[in-house]
Trainee: 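Sending over a structure as structure tokens; questions will come in a sec.
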Amino acid sequence: MRLGTFNLMHGRSLADGMVDAGRVRAAIAGLDADVLGLQEVDRGQVRSGHADLAGIAADAMGAVEVLFVPAVVGTPGEAFRVATDADQHGSDPHYGIALVSRYPVIEWRVTRLPAAPLRSPILAGQRLMLLDDEPRVLIAAVLETPAGRVTVATTHLSFVPGWNVRQLQLVRRALRRMPAPRVLLADLNLTGRLPRLFSGWHRLAGLPTYPSSAPRVQFDHVLADRQGLDRLPRVLRADTPAVPFSDHRPLIVTLRDRPGTLKID
């Protein structure tokens, strides 16, 4: 059973600046993930050729379930508004996250997380910019897996220090209302062991994922709640394969199909 998280950066290549749907499809297929949490996902955006990136990922994986939820309507960095449930199937350009699964989903739940109320300084190249934060989304699903029913979720937390910790607490609270065992596949904008410190959850892999050319920092995490931990399969290995787009590398964690002693960090 292979679980993964991947910040797509809307599929843009750092080498040529282009978004190529075929390149995205081939890279996602090559990950061979059974469940994949995706962040920075475009749908209907001019910059990504009006592609439905979540749909492309689902097709590449041979997935039976996919849910894309927009966090904003419009284009981040340009003009956007907060997305609502009414925007789920709209024709406007959307940007958000997705959860894709080869396993059947018993239940979906979506939780919206508020943006930070103030602009935050961000270093862009050699320039310091003040940016508005974006609203965030948590997608969670109860999956029927070879190891039994497992709650798997994905999110992309704020880049604003401290606010992402607050959002992580909201995520933990929301997931505790769902059945154990629970696994979070996410770009948390928190490095290394900080997610474990602030959530109390275990990280199943400690590997750097950013920047993609020569990873030094881990922003992307696969975490497991302590509750129900003994019912999760053992970790066999973790990988951060190189892909031809995005400034993040995907993090893929391979578990045994049967529950056993879980290797944790």
Side-chain angles (χ1 to χ4, degrees), residues 2-9 14 31 33 35-40 97 99 113 115-116 120-125 128 131 133-134 136-140 151-176 181-229 232-243 245-255 261-265:
R2 289 169 60 84
L3 309 178
T5 182
F6 187 18
N7 182 322
L8 296 178
M9 199 179 77
L14 297 178
L31 299 179
V35 186
L36 190 60
L38 299 173
Q39 305 86 39
E40 297 196 13
I97 65 170
L99 187 62
L113 306 171
S120 182
I122 294 294
L123 187 63
L128 195 64
L131 293 181
D133 192 21
E134 303 156 14
R136 309 288 169 156
V137 181
L138 170 70
I139 301 175
T151 295
V152 180
T154 190
T155 193
H156 183 194
L157 299 188
S158 172
F159 58 80
V160 179
W163 195 258
N164 46 24
V165 174
R166 180 177 184 272
Q167 290 176 331
L168 182 57
Q169 300 303 319
L170 295 175
V171 165
R172 184 180 66 171
R173 192 178 309 160
L175 294 180
R176 279 288 175 90
R182 309 175 187 94
V183 179
L184 179 62
L185 317 170
D187 177 352
L188 300 177
N189 272 313
L190 292 165
T191 61
R193 298 175 185 270
L194 290 179
R196 185 178 71 172
L197 175 66
F198 291 124
S199 70
W201 287 31
H202 291 288
R203 63 176 187 165
L204 302 188
L207 295 173
T209 57
Y210 180 90
S212 56
S213 57
R216 298 185 301 275
V217 179
Q218 183 174 10
F219 286 126
D220 308 275
H221 299 269
V222 177
L223 305 177
D225 192 357
R226 291 174 181 270
Q227 293 186 2
L229 196 61
L232 272 180
R234 181 172 62 88
V235 174
L236 292 180
R237 66 180 181 275
D239 306 285
T240 56
V243 295
F245 58 89
S246 183
D247 55 352
H248 290 241
R249 287 197 182 191
L251 174 61
I252 307 295
V253 175
T254 304
L255 309 178
T261 303
L262 189 68
K263 179 183 177 183
I264 58 176
D265 179 30

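Scope of the values below: all heavy atoms of this structure, side chains included, with no hydrogens, waters or symmetry mates. Everything numeric here is computed off the predicted structure, so don't read it as measured data.
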Trainee: Using every non-hydrogen atom in the two residues, find where Gln39 and Asn7 come nearest and quote the distance to one decimal.
Mentor: OE1-N, 3.2 Å

Trainee: Determine the minimum heavy-atom distance between Ala238 and Val253, stating which atoms define it.
Mentor: CB-CG2, 4.2 Å

Trainee: Does a side-chain heavy-atom distance below 4.5 Å link Leu194 with Val165?
Mentor: no

Trainee: Which heavy atom of Ser158 sits nearest a heavy atom of Trp163, and at what distance?
Mentor: CB-CD1, 3.9 Å

Trainee: Any donor-acceptor pair under 3.5 Å linking the side-chain atoms of Arg166 with those of Gln169?
Mentor: no

Trainee: Kindly write out the residues that satisfy side chain to side chain donor-acceptor pair (under 3.5 Å) with Arg249, not counting sequence neighbours, or none if the list is empty.
Mentor: none

Trainee: Can you list the residues that meet the side chain to side chain donor-acceptor pair (under 3.5 Å) rule with Gln167, with sequence neighbours excluded?
Mentor: none

Trainee: Any non-hydrogen side-chain atom of Thr154 less than 4.5 Å from a side-chain atom of Leu38?
Mentor: no

Trainee: Tell me if the centroids of the rings in Phe219 and Phe159 come within less than 6.0 Å of each other.
Mentor: no

Trainee: Nearest 0.5 Å please: distance from the CG atom of Asp187 over to the CD1 atom of Ile97.
Mentor: 10.5 Å

Trainee: Could you grab the distance from atom CG of Leu251 to atom CZ of Arg203, nearest 0.5 Å is fine?
Mentor: 10.0 Å

Trainee: What distance do Leu223 atom CG and Leu168 atom CG have between them, rounded to the nearest 0.5 Å?
Mentor: 7.5 Å

Trainee: Salt bridge (Lys or Arg N to Asp or Glu O under 4.0 Å) with Asp225: which residues, sequence neighbours excluded?
Mentor: Arg176, Arg182

Trainee: Among residues at least two apart in sequence or on other chains, which ones pass ring pair (Phe, Tyr, Trp, His ring centres under 6.0 Å) with His248?
Mentor: Tyr210

Trainee: Distance from Leu190 atom CG to Asp220 atom CG, nearest 0.5 Å?
Mentor: 11.0 Å

Trainee: Under the side-chain contact (heavy atoms from CB on, under 4.5 Å) criterion, do Leu157 and Leu113 qualify, and how do the steps go?
Mentor: CA-CA 9 Å; Leu157 299 188; Leu113 306 171; 3.9 Å; yes

Trainee: Quick one: CG on Leu8 to CD on Glu40, what's the gap to the nearest 0.5 Å?
Mentor: 8.0 Å

Trainee: Asn164 versus Leu188: any side-chain heavy-atom pair under 4.5 Å?
Mentor: no

Trainee: What residues, two or more places apart in sequence or in another chain, satisfy side chain to side chain donor-acceptor pair (under 3.5 Å) together with Ser246?
Mentor: none

Trainee: State the CG-CG distance between Leu232 and Leu204, to the nearest 0.5 angstrom.
Mentor: 7.0 Å

Trainee: Tell me every residue that passes side chain to side chain donor-acceptor pair (under 3.5 Å) with Thr240, counting only those two or more places apart in sequence or in another chain.
Mentor: none

Trainee: Decide yes or no for Leu14 and Ser213: does some side-chain heavy atom of the first lie under 4.5 Å from some side-chain heavy atom of the second?
Mentor: no

Trainee: Here's a test for you: under side-chain contact (heavy atoms from CB on, under 4.5 Å), which of Leu31, Leu207, Leu3 qualifies with Ile252?
Mentor: Leu31

Trainee: Counting distance only, does the side-chain N/O of His221 pair as donor-acceptor with the main-chain N or O of Arg196 below 3.5 Å?
Mentor: no

